[in-house]
Protein chains: 2
Amino acid sequence: MINQSTTLDLTFQALADPARRAMLERLSTGPASVSELARPFSMSMPAVLQHLAVLETAGLTLSHKSGRVRTCEINPQALSTAQDWLAARRAEWEHRLDRLEAYLTELQNKDQGNG
Amino acid sequence: MINQSTTLDLTFQALADPARRAMLERLSTGPASVSELARPFSMSMPAVLQHLAVLETAGLTLSHKSGRVRTCEINPQALSTAQDWLAARRAEWEHRLDRLEAYLTELQNKDQGNG
DNA sequence: CGGATAGATAAGTCAACACTTAACTATGTG
DNA sequence: CACATAGTTAAGTGTTGACTTATCTATCCG
């Protein structure tokens, strides 16, 4: 299953790194420049740029350059794609538990009828 | 920021692989044995076991062995931890947009009052 | 223009990841 | 017991990821 990168792959992969999540946390409070995003980290500029590229490739952020400053912002739509996938799995699992419970209750009622 | 693995790191990292997501999708419809989970893949057994280990280490699944069969199930709690993080980021961003809108509206009202 | 500031590109390193094959350990079953 | 089934462990390989330093290109400011 190597090298078949879907949107979800890129999204979750991007979210897997604490530095990138920290950048998203910062961006969720409002847009920021590259150097502003870099400030909290003891990390070289190229490293920061690579993280930002990962976020942007995954669609989690957007950016535009004005003069020599690149401003980044969060893209909430990509967040909800990931969120939706998680919600779907949970819903499916809980729906299954509900069906199971209903089935067991039904069995119990039949037993009572027959006993 | 190397090698400091928090729960979220492990969770999102686990979710980043399509094979592991496929396994979770299967598991969200109910528990399954290792070989049942392996069936859809053209992948060696050890590879499947490694994926399952990643899922279990991240807390996304649970398993217990009975006889020679290991049965895996999903752990919805870990799913919601990830979901909550995403929800928090979105909420923060949207809250910010709301504040911004309120501020702009207020400015506009003042302008009207002064015009 | 000259120098600081903001960001970008290239190239290299080391560790982690996603596999593989080979060999091994239970646990059922005729 | 013999043989199949279900899973496990070990060890190795090629690829990707997370950095680094060095160098380079705008852009703004005096």
Side-chain angles (χ1 to χ4, degrees), chain A residues 1-24 26-27 30-73, chain B residues 1-24 26-27 30-73:
Chain A
M1 209 49 69
I2 227 159
N3 233 353
Q4 186 204 349
S5 282
T6 69
T7 305
L8 278 175
D9 286 9
L10 294 173
T11 304
F12 284 126
Q13 179 70 299
L15 292 168
D17 188 280
R20 288 194 290 265
R21 283 201 309 279
M23 290 172 183
L24 281 179
R26 166 61 191 82
L27 288 176
S33 71
V34 171
S35 18
E36 201 177 333
L37 289 169
R39 213 178 322 272
F41 299 101
S42 55
M43 194 190 288
S44 69
M45 204 58 167
V48 171
L49 287 171
Q50 280 171 33
H51 282 305
L52 289 175
V54 171
L55 288 171
E56 194 154 354
T57 301
L60 286 162
T61 61
L62 304 166
S63 76
H64 58 96
K65 199 168 177 177
S66 151
R68 54 184 175 169
V69 175
R70 176 173 296 279
T71 302
C72 306
E73 39 175 280
Chain B
M1 210 50 69
I2 228 162
N3 234 356
Q4 187 203 349
S5 283
T6 69
T7 304
L8 277 175
D9 286 9
L10 293 174
T11 303
F12 284 126
Q13 178 72 310
L15 291 168
D17 188 280
R20 288 194 290 264
R21 283 202 309 280
M23 289 171 184
L24 281 179
R26 165 62 190 81
L27 287 176
S33 70
V34 171
S35 19
E36 201 177 332
L37 288 168
R39 214 181 317 275
F41 299 101
S42 54
M43 195 190 285
S44 69
M45 204 60 168
V48 171
L49 286 170
Q50 280 171 31
H51 282 305
L52 289 175
V54 170
L55 288 170
E56 195 154 354
T57 301
L60 286 163
T61 61
L62 304 166
S63 76
H64 57 97
K65 198 168 176 177
S66 152
R68 56 184 174 171
V69 175
R70 175 173 297 280
T71 302
C72 306
E73 38 175 283

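Chain A is the first sequence line, chain B the second, and so forth, proteins listed ahead of strands; every chain is numbered from 1.
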Item to check | Phosphate OP1/OP2 of C:dA8 contacted by A:R68 side-chain N/O (<4.0 Å) | outcome: no

Checklist entry - Should B:R26 and B:L37 be marked as a side-chain contact (heavy atoms from CB on, under 4.5 Å) after you check the CA-CA gap, both sets of side-chain angles, and the distance that decides it? => result CA-CA 7 Å; B:R26 165 62 190 81; B:L37 288 168; 3.6 Å; yes

Checklist entry - A:L49 has a side chain; which of C:dA8, C:dA18, D:dT8 sits nearest to it? => result C:dA8

Checklist entry - Hey, does A:D17 have a side-chain heavy atom less than 4.5 Å from the side chain of A:H51? => result yes

Next on the checklist: Can you tell me if A:H51 touches the phosphate of D:dG17, counting only side-chain N or O atoms and a distance under 4.0 Å to OP1 or OP2?
Outcome noted: no

Item to check | Selected nucleotide, minimal atom distance to A:V69 side chain, candidates C:dA6, C:dA18, D:dC19 | outcome: C:dA6

Checklist entry - Would B:H64 and B:R70 count as a side-chain contact (heavy atoms from CB on, under 4.5 Å) if you check the C-alpha gap in whole Å, the side-chain angles of each, and the deciding distance to 0.1 Å? => result CA-CA 6 Å; B:H64 57 97; B:R70 175 173 297 280; 5.7 Å; no

Checklist entry - Mapping A:V54 and A:G67 to their closest nucleotides on DNA chain D, which lands nearer the 5' end? => result A:V54

Checklist entry - Roughly how many Å is it from CG in B:D9 to C1' in D:dA18, rounded to a whole number? => result 13 Å

Checklist entry - Under 4.0 angstrom, heavy atoms only, what part of the nucleic acid is B:Q50 near: base, sugar-phosphate, or nothing? => result base

Checklist entry - Stepwise, does the side-chain hydrogen bond (donor to acceptor under 3.5 Å, both in side chains) test hold for A:E56 with A:S63? => result CA-CA 8 Å; A:E56 194 154 354; A:S63 76; 3.0 Å; yes

Checklist entry - In terms of the nearest nucleotide of DNA chain D, which residue is placed more toward the 5' end: A:S66 or A:S42? => result A:S42

Item to check | Which nucleotide in D:dT9, C:dC19, C:dC17 has an atom nearest any side-chain atom of B:D17 | outcome: C:dC19

Checklist entry - In whole angstroms, how far is the P atom of C:dA6 from the NZ atom of A:K65? => result 12 Å

Item to check | Whole-Å gap separating P (C:dC17) and CZ (B:R20) | outcome: 9 Å

Item to check | Separation of D:dG7 C1' from B:E36 CD (nearest whole Å) | outcome: 15 Å

Checklist entry - Among C:dG7, D:dT8, C:dC19, which nucleotide sits nearest the side chain of B:M43? => result C:dC19

Next on the checklist: Does C:dT20 have its OP1 or OP2 closer than 4.0 Å to a side-chain nitrogen or oxygen of B:S44?
Outcome noted: yes

Next on the checklist: For a quick test of reading the model: is some side-chain N or O of A:S35 closer than 4.0 Å to OP1 or OP2 of C:dT5?
Outcome noted: no

Item to check | Gap between atoms CD and C1', on B:Q13 and C:dA15 respectively (whole Å) | outcome: 13 Å

Item to check | Interatomic distance, B:M45 CE vs D:dA10 C1' [rounded to whole Å] | outcome: 17 Å

Item to check | Atom-to-atom span, CZ of B:F41 to P of C:dC19 - whole angstrom | outcome: 10 Å

Checklist entry - Can you tell which of C:dG7, D:dT9, D:dC19 lies closest to the side chain of A:A47? => result D:dC19

Checklist entry - How far apart are the C-alpha atoms of B:L60 and B:R20, what are their side-chain angles, what is the distance that settles it, and do they pass the side-chain contact (heavy atoms from CB on, under 4.5 Å) test? => result CA-CA 10 Å; B:L60 286 163; B:R20 288 194 290 264; over 6 Å; no

